[in-house]
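Please read these numbers as outputs of a predicted model, since none were measured by experiment. We count residues from 1, following the sequence as given.
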Amino acid sequence: MTQGSSQPAGFGGETVAGIAQRVRTRAQSAREVTEAALARIDALNPTLNAFVAWDADGALAQADAIDQRIAKGEDVGPLAGVPMGVKDLEAVEGFVTSFGSALHVNDAPATADSVHVARYRAAGAVIIGKTNTPEYGHKGATDNVPFGATRNPWSTDHSPAARPVGRPPHWPRAWCRWPPGPTAAARSGFRPHSAGSPDSSRPPGGSRSPAVRCPARGLLSANGPMALRASDSAYALDVVVGPDPRDPLSLPHPGQSWAAAVATAEAPERVVWSPTFGFADVDDEVMEACTAAVRALESAGTEIIEVESIFDADPVTSWLVLWVVSRFKAQGHLIDTTEFEQLSESIKPHIMLGSRVTGVEHARAHDDVYRLNALLEDAFDKAPLILSPTTAGRVPKLGHDGTINGVEQQGWVQFTYGINMTRNPAGSVCAGLDRDGLPIGLQVIGRQRADAEVLGAMAVLEDVIGCHADPAS
């Protein structure tokens, strides 16, 4: 097993379904696909640092087992031979779950997969290793003390962040919005699929992907796949959606194939377009690209209903209360210990702030979840989908926050955390590229449980906009 900085590499324009089909029909072996993925890791990870641990021998052994089963005529599953990396916030048997923290790099390896990962493995996926994350997924840039910074495959001076790199990860229900490490890996074509937990990039606040009915991780996040296309995400989501009896918040199976829904999707009759949600200060380049993308959809026959205000105020305060309390719950016992000093400097204030939140403040923040959902429903009365920029600012350079018109701002992900709070399905598609050649995201939000509609609209937008944000292609 190899431990250390690493990053992704590519399958170019390949689809998840295409890889699995070739493996199932023996047009290509699972070993050959896995070898290609490992070669890409060896080639790109030293630069991108997306993978923090991988097991080449173990991955090849998984692939060989899949090939042997196929040779016997067995059905190995819809993800036959598809290589995957898992964000290092989630358990994978045989790997340490470091959470991007110096406190956990020497923990014992997990003895079992998470429910999420186990479902992928049972469907034939080859689990290669773990991808990088900010410590405990607490911020919008992927860097940490033990493994360092992950670099954006579009521009290695930038972080992959929780940024819309062309909607790599497509995810619903606060859809695991793309976690930084996995995103870089998916974007660079490392492997065509990543398993992400939305405790990522702005943990519960700034990912954007679909994993609504996957086993959840809490109020502000859910687990789910990240891929280059909406169709890939839908294909993988069909494998993992469904309830987990150990999770009282998990949802019943949607009763339909999301991949099939995406394959037959047509341009929506109407959508709400909210450029600022009523509170956000948006970067000019972001606004220009998103507006052009919306107009392209209009040219395809969709009625655009512009609504300036959806939320009556920035929900950041309530989101922050929920987030810092969760951090205090998890790491508050470390305050005034030597272990606390090993935490990243950026997460310590979150923990301390969480220690000062009152029970009433916490309850009011939970009340805001319902209030924000009601405000969204007012907008959904006008159209079944809402479009907005995915983030208000441009992707951050390494060691910095994202920028809005050249000014660094912590709130550059303003459009994401409110939707994570309500847990509506949402995803991001590439609206265009900024002057640095970095993708700009357009967010697609649906009503509760409307994951299929969101995925379908994303697939349509990918074709209409024509911004195929894949640095490997």
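The minimum heavy-atom distance between I347 and R327, with the atom names listed, is CD1-CD, 3.7 Å. Of all heavy-atom pairs between G427 and M458, the closest is CA-SD, 3.7 Å. Between A91 and A112 the shortest heavy-atom distance is CB-O, 3.8 Å. The heavy-atom pair separating P225 from H116 by the smallest distance is N-NE2, 4.2 Å. Taking every heavy atom of both residues into account, A300 and V464 meet most closely at CB-CG2, 4.1 Å. Contact detail for V262 and S231: the closest heavy-atom pair is CG1-CA, 4.0 Å.
Side-chain contact between L372 and W319: absent, with no pair of heavy atoms (C-beta onward) separated by less than 4.5 Å. The side-chain heavy atoms of L376 and I310, taken from C-beta on, include a pair separated by under 4.5 Å. Counting only heavy atoms from C-beta outward, the side chains of V282 and F415 approach each other to under 4.5 Å. Residues V126 and I66 meet the side-chain proximity criterion, which asks for heavy atoms closer than 4.5 Å.
Residues forming a side chain to side chain contact (heavy atoms under 4.5 Å, CB included) with N144 (at least two apart in sequence, or on another chain): N132, P146, F147. Residues satisfying the side chain to side chain donor-acceptor pair (under 3.5 Å) criterion with S155, sequence neighbours excluded, are H158. Under the rule for a salt bridge (Lys or Arg N to Asp or Glu O under 4.0 Å), the partners of K348 that lie at least two apart in sequence or sit in another chain are E341, E345. The side chain to side chain donor-acceptor pair (under 3.5 Å) check on S318 picks up D368, with sequence neighbours excluded. Partners of T403 according to the side chain to side chain donor-acceptor pair (under 3.5 Å) rule, which considers only residues two or more places apart in sequence or in another chain, do not exist here. Taking Q62 as the reference, R121 meet the side chain to side chain donor-acceptor pair (under 3.5 Å) condition, with sequence neighbours excluded. In terms of the salt bridge (Lys or Arg N to Asp or Glu O under 4.0 Å) criterion, R24 has no residue partners (sequence neighbours excluded). Not counting sequence neighbours, the partners of E298 by the salt bridge (Lys or Arg N to Asp or Glu O under 4.0 Å) test are R295. Looking at residues two or more places apart in sequence or on another chain, you find no salt bridge (Lys or Arg N to Asp or Glu O under 4.0 Å) involving D284. In this structure, F279 has no ring-ring contact (aromatic ring centres under 6.0 Å, His included) partners at least two apart in sequence or on a different chain. With sequence neighbours excluded, the residues satisfying side chain to side chain contact (heavy atoms under 4.5 Å, CB included) with A267 are T302, V460.
Checking side-chain atoms of S326 against main-chain N and O of W323 turns up a donor-acceptor pair under 3.5 Å. Looking only at distances, a side-chain donor or acceptor of N424 sits under 3.5 Å from a matching main-chain atom of G446. The main-chain N or O of S344 is found under 3.5 Å from a side-chain atom of E135 such that the two form a donor-acceptor pair. Counting only distance, with no hydrogens or angles, the side chain of S159 and the backbone of A141 share no donor-acceptor pair below 3.5 Å. For the pair D436 (side chain) and L438 (backbone), a donor-acceptor distance under 3.5 Å is absent. Side chain of D143 to backbone of G148: no donor-acceptor contact under 3.5 angstrom is found. Proximity of a side-chain donor or acceptor of E408 to a complementary backbone N or O of D401 within less than 3.5 Å is detected.
In this structure, CD1 in I351 is found 7.0 Å from CD1 in I335, a value given to the nearest 0.5 Å. Once rounded to the nearest 0.5 Å, the distance linking CG of L387 with OG of S274 reads 10.0 Å. Rounded to the nearest 0.5 Å, atoms CG (L322) and OH (Y417) are 13.0 Å apart. Atom-to-atom distance recorded for D281:CG and D314:CG is 11.0 Å, nearest 0.5 angstrom. How far CG of D88 is from OG1 of T131: 7.5 Å, rounded to the nearest 0.5 Å. Atom CD1 of residue I127 and atom CG of residue D113 lie 7.0 Å apart, to the nearest 0.5 angstrom.
Salt bridge annotation for R22-E32: absent, with no cationic side-chain nitrogen under 4.0 angstrom from a carboxylate oxygen. Using a 4.0 Å cut-off between charged nitrogen and carboxylate oxygen, R31 and D67 do not count as a salt-bridge pair.
Here the options are T15, L455, L79, the test is side-chain contact (heavy atoms from CB on, under 4.5 Å), and the partner is Y235; only L79 passes.
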Verdict with supporting geometry, R435 and R394, side chain to side chain contact (heavy atoms under 4.5 Å, CB included): CA-CA 10 Å; R435 62 176 175 271; R394 296 171 59 210; 2.9 Å; yes

I'd like to know whether L461 forms a side chain to side chain contact (heavy atoms under 4.5 Å, CB included) with V444, so could you lay out the CA-CA distance, the side-chain angles of the two residues, the decisive distance to 0.1 Å, and finally the verdict. CA-CA 10 Å; L461 278 162; V444 183; 3.6 Å; yes

Given side chain to side chain contact (heavy atoms under 4.5 Å, CB included), test D434 with W154 step by step and report yes or no. CA-CA 11 Å; D434 67 18; W154 290 87; over 6 Å; no

Any chance you could lay out the side chain to side chain contact (heavy atoms under 4.5 Å, CB included) test for L38 and I128, step after step, and finish with the verdict? CA-CA 8 Å; L38 291 168; I128 289 181; 4.0 Å; yes

Please report, to 0.1 Å, the donor-acceptor pairs under 3.5 Å made by any side chain of residues 103-111, with sequence neighbours excluded.
residue	atom	partner	partner atom	Å
H104	ND1	D107	OD2	2.8
H104	NE2	Y136	OH	2.8

